[in-house]
Amino acid sequence: MLSRQEHCGGTRHFSQKSNSPMKEHLNDQELRRREELAELRHMGVEPYPYAFPKTHHSSDILAQFADDNAEVFQDVAVAGRIMAVRRMGKASFFHIQDEAGRIQVYIRKDDIANYEEFRLYDIGDIVGVRGFVFRTKMGEITVHARELVLLCKSLAPIPIAKETEDEHGNKMVHDALADKELRYRQRYLDLIVNSHIRDTFVRRSRIITAMRRFFDERGWLEVETPVLQPIYGGAAARPFVTHHNALDVDLYLRIADELYLKRLIVGGFEGVYEISKNFRNEGMDRTHNPEFTSMEIYVAYKDYNWMMSMVEELFSYVTTQVLGTTDVKFGEEVISFAAPYRRISMLGAIQERTGHDLHGLDEAELRRIASELGVELDPKIGAGKIIDEIFTETVQPHLIQPTFITDYPIEMSPLAKSHRSEPGLTERFELFVNGGEIANAFSELNDPVEQRRRLEEQAALRARGDDEAMVVDEDFLHALEIGLPPTAGLGVGIDRLVMLLTEQVSIRDVLFFPQMKPDK
RNA sequence: GAUCCCGUAGCUCAGCUGGUAGAGCAUUUGACUUUUAAUCAAAGGGCCGUAGGUUCGAGUCCUACCGGGAUCACCA
């Protein structure tokens, strides 16, 4: 027996793990586990074997086992991470956790050849168990082990959360890993210890899968376009810059897919979509991560009216597929994604909410109304942005149920087609849900002369110091000169959609690995 | 970028107007062949985020910095 009490030397704070290959100081638990590892090897046990033929998930057994069908479960093999151990001398119970949940295992010295080995196992180790299923006298469905195999010796301790129920059946969690920084930095630990957060990410995956299926069924093609771009475009945002050594040129990480996808419509595809990471070099907060996922789709021969109907179908489909209903609970609200959604123009929505008709007003008049409404304005912004500010302050927070806001000022929408009947506006809509924007779409501007003029206006803004204004992309303009058919385009912020459908208020809770400052 | 709050054992946290660092769980040793927050007995474990300062004396007070969280600003 090793004398494990002799190790009371250096300890290391749990959160200060460095990436260096050599750990300078091991705490007592880490030292002990290394000694156990050596002892296991000395006993001839391979602590890192190659495979284990498991037959069941924990949930399969718990769902299907009944006392009168016990013979069906005479020979099961389960595997997972040890999460709790109760040793009673010559017999022990422990729980293992697999992808689907937890199940209890019972081992007895009489039944297991390597019972002695078990004293060298720890919480966190991964084991395989072969045996039969039974119900303990306390009523818990349990695997009675005939064979116990170590599959992975864990060298670093994991925080142990214990869950109990009070007399009312309310679950209480003790000693959970609650520190958000640790949870984000070591998401693998978070997933082990707070296994319910897995559900958010499973749902995220299903949302994206449902979207793909919806598009694929309609014959639209999933495509990939460059992440590294010589000229960035398609949105108003600051980019990340990187450098290609062989070409000796700076490249930008994409801020949007838009301009490349439209090139593909020029090339003859009639429906293309892309689900991809975009990168914006801006602030981080509850709703912004520097890299985020968006879905953009472009369909030829359609306009934004068609696109609104498509979005209604899409979100009805996705919510039904993923949640089984179009009614989505979010906090106190129940949001209905059943079609149709309300459609109202931006100016109409402002008039409805404030009583002010902003049609045809000049900048001075708009500023007067803004200050009357208590909306603070940057003195540099023009008429279009003033309208947007008024909208954002007075209308947007009230848009809880899905609402299409249509017909945005032309200055804010350099890639959208001018409105067919409303001067100064574009055929653009955004979909607002629960006070936030989750989709943005337009009838795409395909007049190459007008597009050039609009991009040159952006360039002028840029020259005056607006570093988010767009850059003139000559190749994109050339593509438009070749000819883009009438096209409707849509972008959906996937992370925000996932937040909405998983009842999360922080983007960090729908990203496995949110951006963090480097750990020191 | 601004403001506020937080940083004490592996985890969750207590530590009052400054006076020798605490609890529960986890860990170690012993007992225990149907336990389940297992139980019972004993034990080990702290650069009190970092660096200065005030003080006879700082986990506690002051300053700066680092890290985190929240709110606001920015960001379609």
Side-chain angles (χ1 to χ4, degrees), chain A residues 1-17 26-33 35 83-95 102 104-112 115 122-124 134-140 142 144 156-166 171-185 189 193 235-238 255-256 280-288 290 292 376 378 384-385 388-389 391-392 396 405 408 412-413 428 430 432 436-440 467-468 491 493 505-506 508 516-520:
Chain A
M1 201 59 196
L2 298 169
S3 57
R4 295 175 195 157
Q5 288 193 332
E6 289 172 11
H7 305 289
C8 49
T11 58
R12 223 160 34 84
H13 192 271
F14 189 71
S15 63
Q16 291 178 338
K17 288 189 170 19
L26 298 176
N27 66 32
D28 57 342
Q29 293 190 37
E30 290 168 328
L31 280 168
R32 180 182 54 75
R33 283 163 186 251
E35 285 166 0
M83 296 302 287
V85 180
R86 293 176 292 283
R87 296 173 202 267
M88 299 171 300
K90 299 185 183 65
S92 300
F93 287 90
F94 59 93
H95 275 92
R102 289 189 186 191
Q104 181 168 260
V105 177
Y106 175 57
I107 60 171
R108 227 165 44 164
K109 189 170 185 180
D110 297 347
D111 306 323
I112 300 276
Y115 190 82
D122 287 294
I123 287 172
F134 75 113
R135 192 183 296 269
T136 66
K137 71 181 180 192
M138 299 302 288
E140 181 162 352
T142 300
H144 187 135
I158 62 175
I160 290 305
K162 288 194 170 179
E163 198 175 82
T164 58
E165 284 185 19
D166 63 16
K171 292 201 167 172
M172 297 159 56
V173 177
H174 304 257
D175 302 332
L177 177 69
D179 184 301
K180 285 203 165 201
E181 182 188 358
L182 262 181
R183 291 186 44 218
Y184 296 141
R185 287 192 193 279
L189 257 189
V193 176
R238 278 187 287 269
I255 59 173
R280 296 189 185 175
N281 207 339
E282 291 164 351
M284 294 161 55
D285 62 25
R286 206 170 70 248
T287 57
H288 296 81
F292 62 99
E376 288 182 27
D378 186 323
K385 273 225 160 184
D388 186 52
E389 279 295 322
F391 170 80
T392 302
Q396 186 175 331
I405 297 295
Y408 283 62
M412 302 171 53
S413 313
R428 172 183 180 180
E430 292 188 334
F432 289 88
E437 175 217 332
I438 61 169
N440 178 27
D467 54 3
E468 286 171 359
V505 296
S506 170
R508 294 180 152 199
M516 304 284 285
K517 287 193 190 176
D519 201 2
K520 295 201 123 181

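Protein chains get the first letters and strands the later ones, always in sequence-line order, with residue 1 at the start of each. This is a predicted model, so every value here is computed, not measured.
- A:Y408 comes within 4.0 angstrom of no nucleic acid atom, judged by non-hydrogen atoms across all strands.
- The residue A:K137 sits close to a base: some heavy atom pair falls under 4.0 Å.
- Ring orientation note: the planes of A:Y106 and A:H144 are nearly perpendicular, at an angle over 60° on the 30°/60° scale.
- Nearest to the side chain of A:R286, among B:U27, B:U34, B:U71, sits B:U71.
- Taking the side chain of A:E140 as heavy atoms from C-beta on, and the options B:G68, B:U35, B:A73, the nearest nucleotide is B:U35.
- Distances from the side chain of A:T136 to the nucleotides B:U35, B:U33, B:U28 place B:U35 closest.
- Between A:G139 and A:K385, the one whose closest nucleotide on RNA chain B sits nearer the 5' end is A:G139.
- Across all strands shown, A:H95 has heavy atoms under 4.0 Å from base atoms, whether or not it also approaches the sugar-phosphate.
- Atom C1' of B:G18 sits at a distance of 15 Å from the matching atom of B:C48, rounded to the whole Å.
- For the P atom pair drawn from B:G46 and B:U39, the interatomic distance equals 26 Å after rounding to whole Å.
- Residue A:R87 is in base contact, counting any heavy-atom pair closer than 4.0 Å across all strands shown.
- Side chain of A:D110, nearest nucleotide from B:U35, B:U28, B:U33: B:U33.
- To the nearest 0.5 Å, atoms CD1 (A:I158) and CE (A:M83) are separated by 4.5 Å.
- Distance from the side chain of A:E430 is smallest for B:A76 among the nucleotides B:C74, B:A76, B:U34.
- Note on A:R428: a base of the nucleic acid sits closer than 4.0 angstrom, heavy atoms only.
- Nucleotide B:G46 forms a pair with no other nucleotide shown, judged by Watson-Crick or G-U wobble geometry with both contacts under 3.5 Å.
- With rounding to the nearest 0.5 angstrom, the OH atom of A:Y184 is 15.0 Å from the CG atom of A:L189.
- In this structure, the side chain of A:R280 engages the main chain of A:I255 through a donor-acceptor pair within 3.5 Å.
- The residue among A:N440 and A:S506 whose nearest nucleotide of RNA chain B is located toward the 5' end is A:S506.
- Out of B:U36, B:A76, B:U34, the shortest distance to the side chain of A:Q104 is found at B:U36.
- The A:R185 side chain lies nearest to B:G68 when the options are B:A76, B:U28, B:G68.
- Taking only side-chain atoms of A:F134, from C-beta outward, the nucleotide of B:U34, B:A76, B:C74 with the closest atom is B:U34.
- Using a 4.0 Å heavy-atom distance criterion, A:D388 is classed as making no nucleic acid contact.
- With hydrogens and angles ignored, no donor-acceptor pair under 3.5 angstrom links the side chain of A:D285 to the base of B:C72.
- Residue A:I123 has its side chain nearest to B:A26 when only B:A26, B:A76, B:C72 are considered.
- Distances from the side chain of A:M88 to the nucleotides B:G68, B:U33, B:U36 place B:U33 closest.
- Taking only side-chain nitrogens and oxygens, A:R32 comes nearer than 4.0 Å to OP1 or OP2 of B:U28.
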